[in-house]
Novice: 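Okay, handing you the structure first.
Below, chains carry the letters A, B, ... as their sequence lines are ordered, and counting in each starts from 1.
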Amino acid sequence: MPTMSEPETPPFRYTAALANEIEPRWQAYWAENGTFHAPNPAGELADPDHPRHGAPKLHVQDMFPYPSGAGLHVGHPLGYIGTDSYTRYKRQAGFNVLHPMGFDAFGLPAEQYAVQTGTHPAVTTAANIERYRGQLRRLGLAYDERRSFATTDPEYYRWTQWIFLQVFNSWFDPELRKARPIETLIAAFESGEKKAPEKDWADMSAIERRKLIDDHRLAYVSEAPVNWCPGLGTVLANEEVTPDGRSERGNFPVFQRSLKQWMMRITAYGDRLVEDLDTLDWPEPVKLMQRNWIGRSRGAHVDFTVGDDVITVFTTRPDTLFGATYMVLAPEHELVDKITPVEWPNPTNPKWTGQAASPREAVAAYRAQAAAKTEEERTESKDKTGVFTGAFATNPVNGAKVPVFIADYVLAGYGTGAIMAVPGQDERDWQFAEVFELPIIRTVAAPEGFEGAFTGDGPAVNSDWLDGKGVVEAKAEMIAWLEQHGHGRGATTYRLRDWLFSRQRYWGEPFPIVYDETGLPVALPDSMLPVVLPDVDDFSPRTFDPDDADSEPETPLSRKKDWVNVELDLGDGLKTYTRETNTMPQWAGSCWYELRYLDPDNEKALVDPDNEAYWMGPRRDGDSGGVDLYVGGVEHAVLHLLYARFWHKVLYDLGHVSSFEPFRKLFNQGYIQAYAFQDERGFYVPAEEVVERDGKWFYGDQEVTRSYGKMGKSLKNVVTPDEMCDQYGADTFRVYEMAMGPLDVSRPWETRAVVGSQRFLQRVWRLVIDEETGAVRSSDTPLDAKTRKHLHRTIAGVREDMDELRFNTAIAKLIELTNALTPLPEASREAVEPLVLMLSPFAPHLAEELWAKLGHEGTLAYTTFPVADPAQLVAESITYPVQVNGKVKARVSVTPDTPEADIRAEALSAVADALSGRDPKKVIVVPGRLVSVVV
RNA sequence: GUCCCCGUAGCCCAAUCGGCAGCAGGCAAUGGACUCAAAAUCCAUACAGUGUGGGUUCGAAUCCCACCGGGGACACCA
């Protein structure tokens, strides 16, 4: 115990200097004693002697950071301090707490830095991680450091690769709605239980069989339209492309190209990803964003015939089929060329032709026009454009001939890329019909006088056998009719696309895949993992002129020929194979890290099942299991959380985990933002030197304008936790961040307000320590009754606030208690010790120091959090305000157990003057609150 | 354009179920004590009627409707 043997401890005030002496000392103590190690039920991290062995568990996790070169600013650790305070409290409250931290260290910035400087990304990354660790340690964050890792560690990404192989070696069985090992599919084909689409399994060649199987894998190679970004030299996932068709990172143009890429069949999980949201304790807006992103819609596929061809449309409103007066195909639809005749039918409305001499010319011109537009231009103008193809389709319900158009308001990538247009019930179709003078038939009765497309519910009209039925019923009957007559079938579509999983980058996980002489992929066996990322001389993918759409990707790994070409024995004897030279996207490592914390050193499995079941297993029927509390920003509402859920479900299906969701409860912390100031020329000036005078802001003598937003170097408004630790100490900084508002609310940083938290800690310090002599001044005198009640009220309130993550109000209650104790002649231990314990989640170093000074041995981390005495929570009397017609006219004081009738009587006599003889019409007694009299 | 979240003292924020808007708390301000003076500390004081307008109710910051302002998401998804 370093603190016990230092009589020369400066006996002064709790200052930044003192804090900076205390804090590293306790950080060292915690590290040396492994204070925050959490015991596992099994394996190397098990510890039967641990004070929390066998206690109820709690797994709390933060979204781990990408260790950037810029280090942390004061906004970053907000959530970390929140979870640290929460878990310190829960640990004291008796839980076995797992609170780990790691690093998401693959990614573009380190690679781009490497390209610029030649420094290996591994070197940059390691240095950045060290810096982060130092910054986090300085804040006193209580992590189990044995469980920390980076996604770039080969021992970690070995398991990322292993999970990839699990995904690769699985298929999605639509009957069971789950992933199953690929062998079960092969067996099904072999036994004839499942039929191959084109010819019998028995008649297929080995290569044909492999291709068929590969087409069913959850990870597959696909020649598919992808987002090719020449400026970055890589392809991007849809999610990484901005709505105006540029790369989210770097803002380069992105082009649609057909390229061979790895995909993950996340769409197979669309239903479960939607449905299981209901089991999760997540903020509603995040669930909503996921639902919207997945975009499941139910409806029907309907077949329209055009000559000898069949065009299938997707509609969510099969009930309106009688109102389909035309059809629209996306300009890119594959049947457009085939159905377009040589000449315009006679007659043809001149508005339909785009002034072209023939349908083919019109189609070609319109396509060129559509292709020239960016995605943004296409969606920005809501004016409907399009052109008639010259072809007519047959409406299957009534045999009506309807004209077929192409128009860019129909998207090639959604549904079937073709729609039946029902202007009477769809606003977009209505607008198009107005422009092109197409007939409008209402099939749902609209209210009297209603103009435009009616999308609400109502009885069907003009719809033969559906007439009179409501929308829901009519939909069901139409789907049944379509299926019965072979014109269509019920269908569900998703906005969600399969996940593009390969990147032409260096700094990512290599795929555990090689190609044989057939060019088909072959999985490496587990025994060959990890496939270590080799050193290369040049880290950059070949980049191109950002506008060169026809360039071809060339990966950094592909240039390393001695690595790419390998001789391996994969069961067919020694053969030459070619390695996959793409790497995985940055999301891969963060898709499963919550599991690795549970069992970080396990070499036999990604996580021991006992450990997984203990920390993350379901607790009751229907419970998804998962991390008990996951804290991070809303910016990950869709991508990271969706991908992680997907992988987790695959692992669940294959029996590797017992939980079917990774994160049971999600909490979005707010952001700390800051003001930035610009001078007349628009240059940013250092924010900390700007002063306010009369509602205006000045930098020196110069007036500057204020804006509010992120902290950033270029905005010259960054404040770092290190500066705060220097100026005030980590505890003051922690208390300030937790006190300045609720954790989920964003707020502006204000350095000059930090001093308030410092003063509070100084007052607490002064309750225990004599500032002149350094002696402990707390007494053993019992508290007076009033203060004792205040203490227990505070304990009860703080516990409640802590459980609900309301740290700001918990701290306010502690300040209030401190302010009540300060003027007392003696600082009684009866109050001071609980106060120190309750403060310890927020100001752990100060609390440990005071706890030691008060004569306790070792750390307080496992000392029971104060418990309120219920007897002390009962008020001696309750004062009821008495309202007459909403205005407070009197107050009556009664004991808490006074019956309602007596309260009523007392109240009425108290306001007898105000009533002046009138009879009360109504008297409302709200127990514990007030009495309201109405006359 | 649609959807979601948020508007309470100069500022950051409190206020179970609708029940006395603040001895919840902090910053800043003002006055005082201490000091040669200042800082720090301590004590005290003032400041809003809850963005606006309606409605429901005995009673609305809280529930409903419309509008205004700020933030976020999606954006022709058939």
Side-chain angles (χ1 to χ4, degrees), chain A residues 13 15 243 283-286 288-289 292-293 295-297 299 313-317 320 328 375-376 378-384 407-411 413-422 425-429 431-432 493-496 634-635 637-638 668 670-671 673 692 695 708-709 735-736 739-742 744-760 762-763 766 771 797 800 806 808-816 818-820 822-823 879-888 891 920-935:
Chain A
R13 172 158 298 153
T15 59
E284 276 310 314
V286 175
L288 191 68
M289 281 160 73
N292 289 343
W293 189 264
R296 177 169 72 175
S297 42
V313 304
F314 175 71
T315 177
T316 55
R317 295 294 303 275
T320 64
V328 186
E375 192 76 7
E376 194 179 33
R378 228 172 117 155
T379 55
E380 202 171 53
S381 115
K382 305 273 176 183
D383 297 335
K384 295 287 175 287
D408 64 6
Y409 84 93
V410 172
L411 308 177
Y414 183 76
T416 60
I419 62 159
M420 63 179 213
V422 187
Q425 273 75 231
D426 185 285
E427 280 164 27
R428 297 151 300 178
D429 296 345
Q431 289 164 9
F432 190 87
T493 63
Y494 303 87
R495 204 189 78 119
L496 181 70
V634 259
E635 71 271 21
V638 177
N668 291 128
Y671 298 105
Q673 298 184 307
E692 186 185 348
Y708 178 59
V735 169
Y736 176 64
M740 65 196 288
D744 55 350
V745 170
S746 294
R747 62 213 99 145
W749 177 259
E750 195 181 2
T751 297
R752 63 179 187 166
V754 178
V755 69
S757 299
Q758 174 118 59
R759 288 181 192 146
F760 163 50
Q762 280 173 348
R763 289 200 292 276
R766 201 151 41 223
E771 289 189 330
E800 226 180 279
R806 293 194 303 249
N808 54 325
T809 52
I811 290 172
K813 289 181 174 82
L814 295 175
I815 293 175
E816 202 186 342
T818 304
N819 292 350
T822 298
T879 303
Y880 283 84
V882 186
Q883 291 182 348
V884 178
N885 286 348
K887 291 207 171 85
V888 178
R891 291 171 199 281
K921 275 190 213 142
K922 206 170 180 183
V923 179
I924 299 148
V925 178
V926 185
R929 292 286 179 184
L930 56 49
V931 182
S932 182
V933 183
V934 187
V935 293

Novice: Please give the nucleotide sitting opposite B:rA21 as a Watson-Crick or G-U wobble pair, both distances under 3.5 Å, or none.
Specialist: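 B:rA21 is paired with nothing.
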Novice: What heavy-atom pair brings A:N668 and A:P283 nearest, and what distance separates the two atoms?
Specialist: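 The answer is OD1-CG, 3.4 Å.
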Novice: Atom CZ of A:R763 to atom P of B:rU41: distance rounded to whole Å?
Specialist: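 Result: 9 Å.
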Novice: Do any N or O atoms from the side chain of A:D429 and from the backbone of A:V422 form a donor-acceptor pair under 3.5 angstrom?
Specialist: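 Side chain of A:D429 to backbone of A:V422: a pair is present.
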Novice: Whole angstrom is fine here: how far is it from CZ in A:R752 over to C1' in B:rG10?
Specialist: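 So the two atoms are 10 Å apart, to the nearest Å.
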Novice: Could you tell me how far B:rG49 sits from B:rA38 if I compare only their C1' atoms? Round to whole Å.
Specialist: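 Going atom to atom, C1' in each nucleotide, I get 40 Å.
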Novice: Would A:K384 and A:Y409 count as a cation-pi pair here, with the cationic atom under 6.0 angstrom from the ring centre and within 45° of the axis?
Specialist: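 Yes; both conditions hold, so A:K384 lies above the ring face of A:Y409.
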Novice: Hey, is the side chain of A:N808 poking within less than 4.0 Å of OP1 or OP2 on B:rG26, counting only N and O atoms?
Specialist: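 No, outside the criterion.
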Novice: Are OP1 or OP2 of B:rG26 and a side-chain N or O of A:S757 less than 4.0 angstrom apart?
Specialist: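 No, because none of the side-chain N or O atoms of A:S757 sits under 4.0 Å from OP1 or OP2 of B:rG26.
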Novice: Please give the nucleotide sitting opposite B:rC42 as a Watson-Crick or G-U wobble pair, both distances under 3.5 Å, or none.
Specialist: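 Base partner found: B:rG32.
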Novice: Under 4.0 Å between a side-chain N or O of A:Q762 and OP1 or OP2 of B:rU41?
Specialist: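 Affirmative; the distance criterion is met.
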Novice: Under 4.0 Å, heavy atoms only, any strand: does A:T493 hit a base, just the sugar-phosphate, or nothing?
Specialist: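 Nothing, no nucleic acid heavy atom in range.
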Novice: When we call it a touch if two heavy atoms are under 4.0 Å apart, what does A:D429 touch: a base, just sugar-phosphate, or nothing?
Specialist: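 Since no nucleic acid heavy atom lies under 4.0 Å of A:D429, the category is nothing.
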Novice: Is it the case that the side chain of A:R747 and the backbone of A:P742 share a donor-acceptor pair, with hydrogens and angles ignored and the cut-off at 3.5 Å?
Specialist: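 A pair under 3.5 Å: yes.
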Novice: Output yes when at least one side-chain N/O atom of A:N292 is less than 4.0 Å from OP1 or OP2 of B:rC4, else no.
Specialist: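 Answer is no, no contact under 4.0 Å.
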Novice: If you assign A:E800 and A:D426 each to the RNA chain B nucleotide with the nearest heavy atom, which residue ends up on the more 5' nucleotide?
Specialist: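 On the 5' side of the pair lies A:E800.
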Novice: Paired with B:rA73: which nucleotide, if any, by Watson-Crick or G-U wobble criteria at under 3.5 Å for both distances?
Specialist: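 Pairing partner, where one exists within any strand: B:rU2.
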Novice: From CD1 of A:I811 over to C1' of B:rA14, roughly how many Å is that when rounded to an integer?
Specialist: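 That distance rounds to 14 Å.
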Novice: When you compare B:rU41 with B:rA46, how far apart are their C1' atoms, in angstrom units rounded to a whole number?
Specialist: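 That atom pair is separated by 22 Å.
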Novice: A:F314 and A:T416: which non-hydrogen atoms are nearest, and at how many Å?
Specialist: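 A:F314 and A:T416 have their closest heavy atoms at N-OG1, 3.5 Å.
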Novice: Rounded to whole Å, how long is the line connecting atom CD of A:E750 with atom P of B:rC13?
Specialist: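 For the pair A:E750 CD and B:rC13 P, the rounded distance is 11 Å.
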Novice: Heavy-atom nearest nucleotide on RNA chain B for A:V934 versus A:E816: which residue maps closer to 5'?
Specialist: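 Of the two residues, A:E816 wins.
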Novice: Does the structure show a Watson-Crick or G-U wobble partner for B:rA9, both distances under 3.5 Å? Name it, or say none.
Specialist: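 Pair assignment: B:rA9 / none.
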Novice: Pick the P atom in B:rC76 and in B:rG1, then give their distance to the nearest Å.
Specialist: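 It comes out at 15 Å once rounded to the nearest Å.
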Novice: Would you please say whether a donor-acceptor pair under 3.5 Å links the side chains of A:T751 and A:Y736?
Specialist: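 A:T751 vs A:Y736: no donor-acceptor pair found between side chains.
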Novice: If only side-chain N and O atoms of A:R495 are considered, is one of them under 4.0 Å from the OP1 or OP2 phosphate oxygen of B:rA75?
Specialist: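 A:R495 to B:rA75 OP1/OP2: side-chain N or O found under 4.0 Å.
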Novice: A:K921 NZ to B:rC58 P: how many Å, rounded?
Specialist: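 For the pair A:K921 NZ and B:rC58 P, the rounded distance is 10 Å.
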Novice: Looking only at side-chain atoms of A:P742, point me to the closest of B:rA24, B:rA14, B:rC27.
Specialist: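 Output: B:rA14.
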Novice: What is the distance, rounded to the nearest whole Å, between atom CZ of A:R929 and atom P of B:rA15?
Specialist: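 From A:R929 CZ to B:rA15 P: 12 Å.
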Novice: Between B:rG7 and B:rG51, how far is it from one P atom to the other, in whole Å?
Specialist: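 Here B:rG7 and B:rG51 have their P atoms 8 Å from each other.
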Novice: OP1 or OP2 of B:rA24 less than 4.0 angstrom from a side-chain nitrogen or oxygen of A:K813, does that happen here?
Specialist: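 For B:rA24, neither OP1 nor OP2 has a side-chain N or O of A:K813 closer than 4.0 Å.
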Novice: Using atom P of each nucleotide, how far apart are B:rU56 and B:rA61 to the nearest Å?
Specialist: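 Result for the P pair: 16 Å, nearest Å.
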Novice: Could you tell me how far apart A:D744 (CG) and B:rC13 (P) are, to the nearest whole angstrom?
Specialist: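 Going from CG in A:D744 over to P in B:rC13 covers 11 Å.
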Novice: Please report, rounded to the nearest Å, how far the P atom of B:rG19 is from the CZ atom of A:R891.
Specialist: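 After rounding, the reported distance stands at 16 Å.
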Novice: Determine which nucleotide pairs with B:rA37, using a 3.5 Å limit on both distances of a Watson-Crick or G-U wobble pair.
Specialist: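 Checking every strand shown, B:rA37 finds no partner, since no pair has both distances under 3.5 Å.
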Novice: Using a heavy-atom cut-off of under 4.0 Å over every strand shown, decide if A:V745 touches base, sugar-phosphate, or nothing.
Specialist: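 Contact class for A:V745: sugar-phosphate only.
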Novice: Partner of B:rU56 by Watson-Crick or G-U wobble geometry, both contacts under 3.5 Å, or none?
Specialist: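 Checking every strand shown, B:rU56 finds no partner, since no pair has both distances under 3.5 Å.
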Novice: Taking atom P in both B:rA9 and B:rC47, compute the distance separating them and give it to the nearest angstrom.
Specialist: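 It works out to 15 Å between them.
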Novice: Taking the same atom, P, in B:rC20 and in B:rC27, what whole-Å distance lies between them?
Specialist: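 Comparing P positions in B:rC20 and B:rC27 gives a spacing of 27 Å.
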Novice: State, to 0.1 Å, how close A:A421 and A:V328 come at their nearest heavy-atom pair, and which atoms those are.
Specialist: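 Nearest heavy atoms, A:A421 then A:V328: CB-CG2, 4.5 Å.
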Novice: Rounding to an integer number of angstrom, what distance separates B:rG31 and B:rA21 when you compare their P atoms?
Specialist: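 Here B:rG31 and B:rA21 have their P atoms 32 Å from each other.
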